[in-house]
Amino acid sequence: MSCKVLEELEEVIRRRIEEGNPESYTYRLYSSGIPHIARKVGEEAVEAAVAAIAEGRERLAEEAADLLYHLLVLLNAAGLSLRDVCNVLEKRRK
Ligand SMILES: N=c1c2ncn([C@@H]3O[C@H](COP(=O)(O)OP(=O)(O)OP(=O)(O)O)[C@@H](O)[C@H]3O)c2ncn1[C@@H]1O[C@H](COP(=O)(O)O)[C@@H](O)[C@H]1O
């Protein structure tokens with residue numbers, strides 16, 4: 001499985017965190033710590049679920065993009081990468 005834009009986004013996130021620029025939303029989110037980032041991931045997941053039920057496919061795609069972005073920041077903060085997640089998915093593949 002590969003998704004080039006996700007890999008590129010992961011790299012941008014990694015760079016923003018390394019640069020430590022407080023104007024970057026990514027850096028500010030990262031700096032807020034895992035509990036806060038995890039709460040944002042939960043909120044974005046709920047927003048995606050609501051969109052799926054009541055707001056249509058376009059909104060769902062947008063909310064899913066928000067969720068994936070926040071999940072990538074959470075993975076980075078936890079010392080994990082998209083590669084680690086892909087490894088799990090590959091092992092599960094039947
Ligand atoms: N993909 C995203 C992305 N998706 C969502 N968001 C931000 O996530 C936030 C979510 O909005 P909310 O209303 O839930 O939260 P908020 O009130 O703005 O923020 P909180 O104080 O609640 O955290 C918005 O500010 C969005 O701009 C993103 N911010 C950045 N990116 C990517 O990350 C890259 C680096 O961004 P910067 O760190 O801003 O340079 C960008 O080039 C983009 O590609």
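Numbers for residues simply follow the sequence, beginning at 1. First listed ligand is number 1; within each ligand, the first listed atom is number 1.
- Using a 4.0 Å cut-off to heavy atoms of D66, the atoms of ligand 1 that qualify are 4 (N), 5 (C).
- The nearest non-hydrogen atom to atom 14 (O) of ligand 1, considering only E47, K40, R16, R28, comes from K40.
- Per-atom contact check: atom 28 (C) of ligand 1 touches the protein, criterion being a heavy-atom distance below 4.0 Å.
- Using a non-hydrogen distance threshold of 4.0 Å, H70 registers as a contact of ligand 1.
- With hydrogens and angles ignored, the 3.5 Å screen pairs a side-chain donor or acceptor of R28 with a backbone N or O of P22.
- Those atoms of ligand 1 that come under 4.0 Å of a heavy atom in L9, given as number and element, are 32 (C), 33 (O), 44 (O).
- Short contacts between ligand 1 and S24, defined as distances under 4.0 Å to a heavy atom of the residue, involve ligand atoms 37 (P), 38 (O), 40 (O).
- Closest heavy-atom approach to atom 30 (C) of ligand 1 among the candidates Y27, Y30, Y69: Y69.
- Residue-ligand proximity, T26 to ligand 1, at heavy-atom distances under 4.0 Å covers atoms 33 (O), 35 (C), 36 (O), 37 (P), 38 (O).
- For the residue pair D84/S81, the side-chain donor-acceptor check at 3.5 Å is satisfied.
- The main-chain N or O of D66 is found under 3.5 Å from a side-chain atom of H70 such that the two form a donor-acceptor pair.
- Of the possible polar contacts, one joining the E10 side chain to the L82 backbone as a donor-acceptor pair under 3.5 Å is found.
- The nearest protein heavy atom to atom 34 (C) of ligand 1 is closer than 4.0 Å.
- Counting only heavy atoms, the protein gets under 4.0 Å from atom 44 (O) of ligand 1.
- Listed by chain and number, the residues in a salt bridge (Lys or Arg N to Asp or Glu O under 4.0 Å) with E18 are R14 (sequence neighbours excluded).
- Between T26 and Y69, the side chains place a donor N or O and an acceptor N or O closer than 3.5 Å (distance only, hydrogens not considered).
- The proximity of E44 to ligand 1, defined as any non-hydrogen pair under 4.0 Å, is limited to the side chain.
- Residues passing the side-chain contact (heavy atoms from CB on, under 4.5 Å) test with I34 are L74, A77, A78, sequence neighbours excluded.
- For atom 39 (O) of ligand 1, the closest non-hydrogen atom of the protein is Y25 N, 3.3 Å.
- Between E44 and R39 there is no salt bridge, since no side-chain N of the basic residue sits under 4.0 Å from a carboxylate O of the acidic one.
- The atoms of ligand 1 that sit less than 4.0 Å from any heavy atom of V12 are 34 (C), 35 (C).
- By the 4.5 Å heavy-atom criterion applied to side chains, E11 and E8 are not counted as neighbours.
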